[in-house]
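Notes follow once the structure below has been shown.
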4 protein chains.
Amino acid sequence: MVESETAAVKRASIGAKRNPASQNAILDAAEAILNEEGLAGFSIEAVARRARAGKPTIYRWWPTKTALLLDVYQRFKNTRPFPDTGSLEGDLKAFLNNQLIGFWQDRLCGTVFRSIIAEAQGDDDAAQALFAYERGRRKFAEQIIERAKARGEVSAEFNGAVVIELLAGFAWHRLLTGRLNNSDEDIDAVVAMIMAAAKNGLRS
Amino acid sequence: MVESETAAVKRASIGAKRNPASQNAILDAAEAILNEEGLAGFSIEAVARRARAGKPTIYRWWPTKTALLLDVYQRFKNTRPFPDTGSLEGDLKAFLNNQLIGFWQDRLCGTVFRSIIAEAQGDDDAAQALFAYERGRRKFAEQIIERAKARGEVSAEFNGAVVIELLAGFAWHRLLTGRLNNSDEDIDAVVAMIMAAAKNGLRS
Amino acid sequence: MVESETAAVKRASIGAKRNPASQNAILDAAEAILNEEGLAGFSIEAVARRARAGKPTIYRWWPTKTALLLDVYQRFKNTRPFPDTGSLEGDLKAFLNNQLIGFWQDRLCGTVFRSIIAEAQGDDDAAQALFAYERGRRKFAEQIIERAKARGEVSAEFNGAVVIELLAGFAWHRLLTGRLNNSDEDIDAVVAMIMAAAKNGLRS
Amino acid sequence: MVESETAAVKRASIGAKRNPASQNAILDAAEAILNEEGLAGFSIEAVARRARAGKPTIYRWWPTKTALLLDVYQRFKNTRPFPDTGSLEGDLKAFLNNQLIGFWQDRLCGTVFRSIIAEAQGDDDAAQALFAYERGRRKFAEQIIERAKARGEVSAEFNGAVVIELLAGFAWHRLLTGRLNNSDEDIDAVVAMIMAAAKNGLRS
DNA sequence: AGCTAACCGAGACGGTACGTCTAGTCTTGCG
DNA sequence: CGCAAGACTAGACGTACCGTCTCGGTTAGCT
């Protein structure tokens, strides 16, 4: 993904339209800087230097630093499955492992997402972008509970939204406190807790 | 607490020891800026300007921006009770309401804590300080579960650490996604979920 | 001359040859910008924007900003007479009034020429163009002295080149120090000074 | 004067007051850049780089590029005499040689002054500064004529202001057309012209 | 009682990054 | 092939903070 991080190639305009080579070089550079120096060293200036791009080229396509971060994050998505494992327990574990904790452990996904969350705490635009994205992800994940209800695994009153947010919150907390690794056992514990609550058939 | 935010008074040295008036003026200014302009406008320079203090005076006592943020946060603490309500359910609700969500809704506590978390994502020192603080808070909160075990409300195998982290994660997630308000019903749902799991007597 | 400064008309290519409409639109825009915003606001970018022309179109025909300026200046020329008034005094006054100070007071001529001189101080190409132009003008003006010698108004040893340069220098100085206006009386004084020197019949 | 152009020394603050070492390093660097690269290469950025100074340090003390140029120019002044030679002819030659043409030929004085004139053509503040300076210089030089009148060399009606401006204009013209050198003979011719006019006793 | 050490406000210092502007080059697609 | 359009690299613009430093002054506490 970061194949051209020291791209010494000369990259001119390709006419009156966006040059995908530049776009990729910028995203590559952004990713590489986050990887090597973390959020603290991540500046538009540094990205431009590394990508051998002009600053205006970056500002033309990404209005804010966070927009660039979000784009870097988007490049990682779509690869991991979000399967119907046939059981609530399996689905919840897959959710944590494939979409949250496990996903963030892969490459820079976690680093980038941490940066986005941090950025959103001080910048309103970033906040709106992140919140919209996150709300969508949660809504999507609530299908897990709908499937479980269809299967009869949980009662219709079971509060799916809260379950999903509990899992997401747990994962965010692990991410933001630098404790993603060695979470396997705790993931099992969390899911077991949810399953226990589900078996009691309560409305939440 | 912010009684002297426009302190026009002249505040000289009081000799070879720390001047508490300066210390307070700086913390007041920091708080006021966070209140009025948010994390984005929060800079040492701005705090010094507003507090009519010299920058070195700030750097002498707070090595980093985050240290100052942590101090601002500390000023809010200690007031809210952390009672033994006599039941696990009561204790958990009190934990969320008095120590987490409810507490953060009060004045600037939430804003400041959000800022600290954000800062910690890019600054290692800040991260260590926050993580140590947070770990301590969780350990302390686990007493809730110990008390419940002593009462016989939950089995000895109940995974208290995970429960506390689920609640903390839920609260962080609400804080960081700007959804602290209108959480009362969801707090009840979360606690009900935990109680349901506890009643099943599982190891977690 | 500035008839199409807001040229909203669509101006396409007229095939494989230079489009005079574009050329004029560019010169018009350049002139208008100099008029309204002065040399400081005069950029190729601004000219292209105003003329609704592509930057390459400008660069194709004018290699430098100064070349464009010189072209704008040239459009003003040729209209004023450079007559043989029959006397040295009349010729000198006509020179100052028609070719220098009086000419520069007309419309933007002075503004444009000031800009060219300024440009020439930092750009070698511009300097060469300006100097060649100016040298030619002086040589031409020296005919005034030749005519006076033919008439017997001054001796053959009279240093015509220095006289012309004195007048040119005086005019440049007025132009560059923003004092073109109210020069009439001073023009008379300058010419009287030259006439007095001439009458003494000295070699200069 | 440019003794520390590659000043590798570390130059910290000397407290809450202007550091003359920085000031000198900046002026040295500005001078060196003008010398080596001319006005075209003269940017605040380049000066800061060469002086190993921060850009804000330059902007703190010199609001515009021209202000810096003027300061560089001022460092050259005051050394050359402006003597009373006892005769109008001698005074005029000394004026041209010591204060104008001859002075500008020395080191970078001419280059710097050319740059100032150029800058003044596009920047109003620069123009005001230059015009005020220049007006003062001319007023001062008019003492030459006053002295000649006191000596009885010229009549009381002799127009001193115009004479001084003729000389200044001649010198500016030589400077701005890159023809300072080999002016000695022409200086003599110019002065002879003025002397001839003076002898005729005309009012100008 | 005098000296010293640490404090205080102030603000300059060398830097880095910001977001905007222009320079000059390039390519596309229409006419 | 000329044209409008607009992308590209490059780098200067002027501003805001960063964290460090020295200044000149003040006062507490030790000698």
Side-chain angles (χ1 to χ4, degrees), chain A residues 10-19 21-23 41-49 51-61 63-65, chain B residues 10-19 21-22 41-46 48-49 51-61 63-65, chain C residues 10-19 21-22 42-46 48-49 51-61 63-65, chain D residues 10-19 21-23 25 41-49 51-61 63-65:
Chain A
K10 208 63 180 177
R11 222 174 33 245
S13 165
I14 58 168
K17 68 181 183 195
R18 187 170 189 176
N19 186 342
S22 288
Q23 182 178 0
F42 183 78
S43 67
I44 298 282
E45 197 103 14
V47 172
R49 246 192 323 266
R52 300 196 62 76
K55 274 200 289 176
T57 303
I58 298 183
Y59 282 108
R60 199 183 335 267
W61 302 111
T64 68
K65 202 154 75 168
Chain B
K10 205 68 180 174
R11 213 173 44 244
S13 166
I14 57 168
K17 68 180 184 196
R18 185 169 188 176
N19 185 341
S22 289
F42 183 77
S43 67
I44 298 284
E45 197 102 14
R49 239 188 335 259
R52 303 196 61 77
K55 276 202 288 178
T57 303
I58 298 182
Y59 281 109
R60 190 168 0 247
W61 303 111
T64 68
K65 199 154 79 169
Chain C
K10 206 67 179 175
R11 215 172 43 247
S13 167
I14 56 169
K17 69 181 181 197
R18 185 169 189 177
N19 186 341
S22 288
F42 183 78
S43 66
I44 298 283
E45 196 100 13
R49 233 183 346 254
R52 302 198 59 77
K55 275 201 288 177
T57 304
I58 298 182
Y59 281 109
R60 195 176 346 259
W61 302 110
T64 68
K65 199 155 77 170
Chain D
K10 207 65 179 176
R11 224 173 32 247
S13 165
I14 58 169
K17 68 182 182 197
R18 187 169 189 176
N19 186 342
S22 289
Q23 183 179 358
F42 184 79
S43 67
I44 298 283
E45 197 103 15
V47 172
R49 245 192 324 266
R52 304 195 62 75
K55 273 200 290 178
T57 302
I58 298 182
Y59 282 108
R60 194 172 352 254
W61 302 111
T64 68
K65 202 154 76 168

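By convention in this document, chain letters (A, B, ...) are assigned in the order of the sequence lines, proteins followed by strands, and residues within each chain are numbered from 1. Because only heavy atoms are used, hydrogens play no part in the values below, and waters and symmetry mates are left out as well, while side chains stay in.
- If you take CZ on B:R60 and OG1 on B:T57, they are separated by 5.0 Å, rounding to the nearest 0.5 Å.
- Across F:dC18, F:dT15, E:dG29, the shortest atom-to-atom separation from the side chain of D:Y59 is found for F:dT15.
- One finds no side-chain N or O of A:R60 lying less than 4.0 angstrom from the OP1 or OP2 phosphate oxygen of E:dT20.
- Residue-to-nucleotide contacts include a donor-acceptor pair under 3.5 Å from the side chain of D:S13 to the base of E:dA12.
- A residue-by-residue look at D:I14 and D:S43 shows that D:S43 has its nearest nucleotide of DNA chain F further toward the 5' end.
- Comparing E:dC18, E:dG11, F:dC18 by their closest approach to the side chain of D:A16 singles out E:dG11.
- Rounding to whole angstrom units, CD1 of residue A:I58 and C1' of F:dA10 are separated by 13 Å.
- Nearer the 5' end of DNA chain F, as judged by each residue's closest nucleotide, is the contact made by C:G54, out of C:G54 and B:P63.
- Checked by distance alone, B:K55 brings a side-chain donor or acceptor within 3.5 Å of a matching partner on the base of F:dG19.
- Closest to the side chain of B:T57, out of F:dA16, E:dG9, F:dA7, is E:dG9.
- The 5' end of DNA chain E is approached more closely, in terms of each residue's nearest nucleotide, by B:A48 than by the other of A:A46 and B:A48.
- Here the side chain of C:S22 is nearest to one of F:dC18, F:dC3, F:dT9, namely F:dC3.
- To the nearest 0.5 Å, atom NZ of residue D:K55 and atom OG of residue D:S43 are 9.0 Å apart.
- Here the P atom of nucleotide E:dC7 and the CG atom of B:N19 are 11 Å apart, to the nearest Å.
- Regarding contacts with the backbone of E:dG11, every side-chain N or O of D:W61 stays at 4.0 angstrom or more from both OP1 and OP2.
- For the OP1/OP2 pair of F:dA5 and a distance below 4.0 Å, the side-chain nitrogens and oxygens of C:R52 include at least one atom meeting the criterion.
- A straight line from CD1 of C:I44 to P of E:dG24 spans 7 Å, rounded to a whole angstrom.
- Heavy atoms only, all atoms of each residue included: D:A48 and D:G54 are closest at CB-C, 4.4 Å.
- Side chain of B:P56, nearest nucleotide from E:dT20, F:dC17, E:dA10: E:dA10.
- Atom CD of A:Q23 and atom CZ of A:R11 lie 11.0 Å apart (nearest 0.5 Å).
- At E:dG11, none of the side-chain N or O atoms of D:R18 fall inside 4.0 Å of OP1 or OP2 (strictly under the cut-off).
- Going from atom CZ of D:R52 over to atom OG of D:S22 covers 12.0 Å, rounded to the nearest 0.5 Å.
- OP1 or OP2 of E:dG11 has not a single side-chain nitrogen or oxygen of B:R49 nearer than 4.0 Å.
- Note that CD1 of C:I58 is 12.0 Å distant from OG1 of C:T64, once rounded to the nearest 0.5 Å.
- Of the listed nucleotides (E:dA23, F:dC18, E:dG14), E:dA23 has the atom at the smallest distance from the side chain of C:K65.
- Out of F:dG2, E:dG9, F:dG6, the shortest distance to the side chain of B:A53 is found at E:dG9.
- The distance between atom CD of D:E45 and atom P of F:dA10, rounded to the nearest whole Å, is 16 Å.
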